Amino acid sequence: MRVELANISYKINKKSLIENICMNINPKEFVGLIGPNGSGKSTILKCIYRVLKPSNGAIFFDGQNITELSIKESALKVAVVVQHNFTSFDFDVLDVVLMGRSPYKRLMEADNKNDYDIAHQALVIVGLEGFSKRKISTLSGGERQRVIIARALAQKTPCLILDEPINHLDIKFQLQTMDMIKKMNVTVIAAIHDLNIAATYCDNIYAINNGRIVAQGKPAQIFTTEFIHDIFGVQAKVETCSETGFVNILYRNV
Amino acid sequence: MENYKDIYQLKYNTPLFIIMLILIVALVLSMFIALTLGTTDISTKKILQLFSDILKGKESSNTPLYDVIILLRMPRIILAVCIGMGLSVCGVVMQAIVRNPLADPYILGISSGASLGATAAILLGIGLSFGENYVGFSAFLGAMIVAFLVLLIGNLGGSSSSVKLLLAGMALNAVCSAFSNFIVYFAGNMEGMQSIAFWMLGSLAGAEWSNLAIIVPITLLIIFFFYTQARIFNLMLLGDEIAITLGRDMRSYRHIYLLLSSLLVGFFVFVAGMIGFIGLIIPHITRMLIGTDHKQLIPISAIVGGIFLLWADILCRSLLPSTELPIGILTSLIGAPCFVYLLAKKTYGFGGDN
């Protein structure tokens, strides 16, 4: 799915959180948003997945303005993986994954065999086969995160939005998760803190600082010693790995 | 290795069906047993005889047996089941609306609104023109006014969130209690204060066929409506933002649910005063048994609640030889130990991180 952001801004109490954001994301592109805490990455993503309404500008899914889509129709196009707590109520893992099927359902419609198959596949993909009947409260942080990813997969959308998708995962699952998402062959828009992960998996990077896009391009173009210092204020050494061809970033000090 | 097809079969067919069946049988049996118990125990045989007489169209309406069974016990039993069901489901609904396991049907200020209404009626005679049950009527009005105010305040300065609703409820709670206390303090009416206390503890003695004709259909309709919304309640527990990413905007839903459950609780307050605790514990007990999925939680907690309140009322009627125990005392007295037992026995962390 093609996603376009045309000049969007979001203001709260006259303070701009993001300003004049333009993006053009091609179908099946893996796009990374990087930037320091509070730079506006999550705000941009929230505008795309419709929790926030941009004060200015417009967002298009495959050329269609999202204001013309109902919330339910949007949920058929975009699935979201975002950190959240499961509040004070305990669900079975399978129940949570099945919620990914909600946008396909009319109110009274029960989950059918097909929905169960899809939910089961999603659990297999994230490596939680056999966890269906477990309570969410008995899972580790990483396992919970994978349940949320499974729910997004069960949504079967042409676009995935990920806000810090791998924060709670150990390194093996970070890589496995990113591999898995890459293989989904859908449009991906992800806010990523780990620059090495971003450099390895993203086709295109948008660097955000103070609510504006400050750079855009392929990882190899974006990540330079000066750039990392300018944006994050840290010293780093940037190398290109001779074996994989990926950019490696080694941090020195502040 | 588990087979997910078995889970599909199991979870959504067999146990729910069996549990429902057992519970419904238990409910019907309890209702029948309740008919036999009371200040005078009446044998099963006599009751069956009475029913068959009525079915055959025999004139039997002037016998004392008919009066006790048909005019006294039956309405009361039906009312108990009805209120038990309604309060339990409203408890489930309120807990989902405010995303807080401590919520009960009265939490959003409804209780204090109702008691202000009742206090004003008893001590100041407000609403005397509403007829015989003017206390119930003022309480109903008080509850509904507070429910609307909670929604109104919750929506001030931006759209409502569950926390805002909860805080608005607490603020109104304080205001209403202050007014009630003010009235009680300056009225200096001991007799009135006693009847307020009695009213606050709840009683099913006011059951009559005429008010059942309204309350039963409304209760069943609203419970059925909430049952159809099970999917929304599940999403509600994940929070507004997540719900949007799954295709539903919770704000409008929350308002409708809040008004409907306030309406239902208002009706219950009208006929039976306030019956505490049941709307808090039955949802939890049911969750311990079958989990959080509202598709099962709503129907099963309804039936469990019906059975619970029915037995509570049976005990109220028969425990003390000469007088009747207020039902609010009994629901807490039986409910709390059951609850503690379940808490200790099963690992039920209220879903929190433990």
Side-chain angles (χ1 to χ4, degrees), chain A residues 46 49-52 70-76 78-82 84-92 94-96 98-113 115-117 119-121 123-124 129-133 135-138 141 144 148 151-152 155 157 161, chain B residues 1-12 92 95-96 98-103 158 162 224-225 227-250 253 283-284 287-288 290-297 347-354:
Chain A
K46 280 181 181 174
Y49 64 75
R50 303 192 67 180
V51 163
L52 298 179
S70 69
I71 296 276
K72 204 170 168 183
E73 286 164 339
S74 294
L76 292 172
V78 174
V80 181
V81 175
V82 57
H84 66 284
N85 59 340
F86 280 95
T87 66
S88 319
F89 296 91
D90 212 358
F91 281 103
D92 289 354
L94 189 64
D95 291 336
V96 174
L98 279 169
M99 285 183 202
R101 303 301 297 160
S102 302
Y104 293 90
K105 296 289 167 184
R106 279 174 283 118
L107 253 193
M108 281 294 281
E109 200 177 342
D111 297 313
N112 57 32
K113 179 81 172 48
D115 299 314
Y116 277 79
D117 287 345
H120 179 70
Q121 278 165 15
L123 280 173
V124 172
E129 198 183 5
F131 278 63
S132 314
K133 294 297 279 176
K135 296 277 178 212
I136 292 285
S137 63
T138 67
R144 287 182 198 194
I148 298 169
R151 191 191 67 208
Q155 225 169 316
T157 53
I161 290 182
Chain B
M1 195 52 143
E2 70 182 349
N3 184 339
Y4 80 102
K5 279 177 187 149
D6 291 347
I7 293 173
Y8 171 63
Q9 293 295 336
L10 266 170
K11 181 170 180 191
Y12 284 83
V92 171
Q95 288 172 359
V98 300
R99 294 177 71 205
N100 188 328
L102 295 175
S162 48
F224 180 74
F225 172 76
Y227 173 67
T228 67
Q229 308 291 307
R231 196 178 281 280
I232 306 280
F233 288 119
N234 284 343
L235 292 181
M236 220 168 226
L237 291 187
L238 297 186
D240 286 11
E241 294 199 358
I242 307 295
I244 284 183
T245 72
L246 292 170
R248 306 274 181 187
D249 190 346
M250 287 299 139
Y253 288 112
H284 285 298
R287 272 193 207 100
M288 288 178 209
I290 54 137
T292 309
D293 185 358
H294 285 81
K295 193 147 260 169
Q296 301 164 44
L297 185 57
T347 46
Y348 176 69
F350 293 89
D353 300 308
N354 43 359

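Note that the structure is predicted; figures quoted are calculated from it, not measured. All chains are named by letter (A, B, ...) in the order of the sequence lines, taking the proteins before the strands, and each is independently numbered beginning at 1.
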Exercise. Got a sec: does the CZ of B:F224 have more than 12 other heavy atoms crowding it under 6.0 Å?
Worked result: no
Exercise. Once you round to the nearest 0.5 Å, how far does CZ of A:F91 lie from NE2 of B:H294?
Worked result: 6.5 Å
For this session: Only counting residues at least two apart or in another chain, list the ones meeting salt bridge (Lys or Arg N to Asp or Glu O under 4.0 Å) with A:E73.
Result: none
Problem set entry | Leading residue by heavy atom contact count with chain A [cutoff under 4.5 Å; candidates B:L235, B:L102, B:I244] | B:I244
Problem set entry | Distance-minimising heavy-atom pair for A:R106 and B:R231 | O-NE, 4.2 Å
Exercise. Taking the side chain as C-beta and beyond, is there a heavy-atom pair between B:L246 and A:Q155 under 4.5 Å?
Worked result: yes
Problem set entry | Salt-bridge present (B:E241, A:K46; N to O < 4.0 Å) | yes
Exercise. In terms of heavy-atom proximity below 4.5 Å to chain B, should A:S74 be classed as side chain, backbone, both, or neither?
Worked result: neither
Problem set entry | Partner chain B: residue of A:S102, A:P103, A:A152 with the largest heavy-atom pair count (under 4.5 Å) | A:S102
Seminar exercise, completed: CG of B:N234 to CG of A:D95, rounded to nearest 0.5 Å, is 7.0 Å
Exercise. Which atom pair, heavy atoms only, marks the closest approach of A:K72 to B:R248?
Worked result: NZ-NH2, 3.7 Å
Exercise. B:G247 and A:I71: which non-hydrogen atoms are nearest, and at how many Å?
Worked result: C-CG2, 3.5 Å
Problem set entry | Ion pair check, B:K295 and A:D111, cut-off under 4.0 Å | no
Exercise. When rounded to the nearest 0.5 angstrom, what is the spacing between CG in A:D90 and OG1 in B:T292?
Worked result: 5.5 Å
Seminar exercise, completed: Here the gap from A:R151 atom CZ to B:T245 atom OG1, rounded to the nearest 0.5 Å, amounts to 5.5 Å
Problem set entry | ring pair (Phe, Tyr, Trp, His ring centres under 6.0 Å) against A:Y49, all qualifying residues, sequence neighbours excluded | none
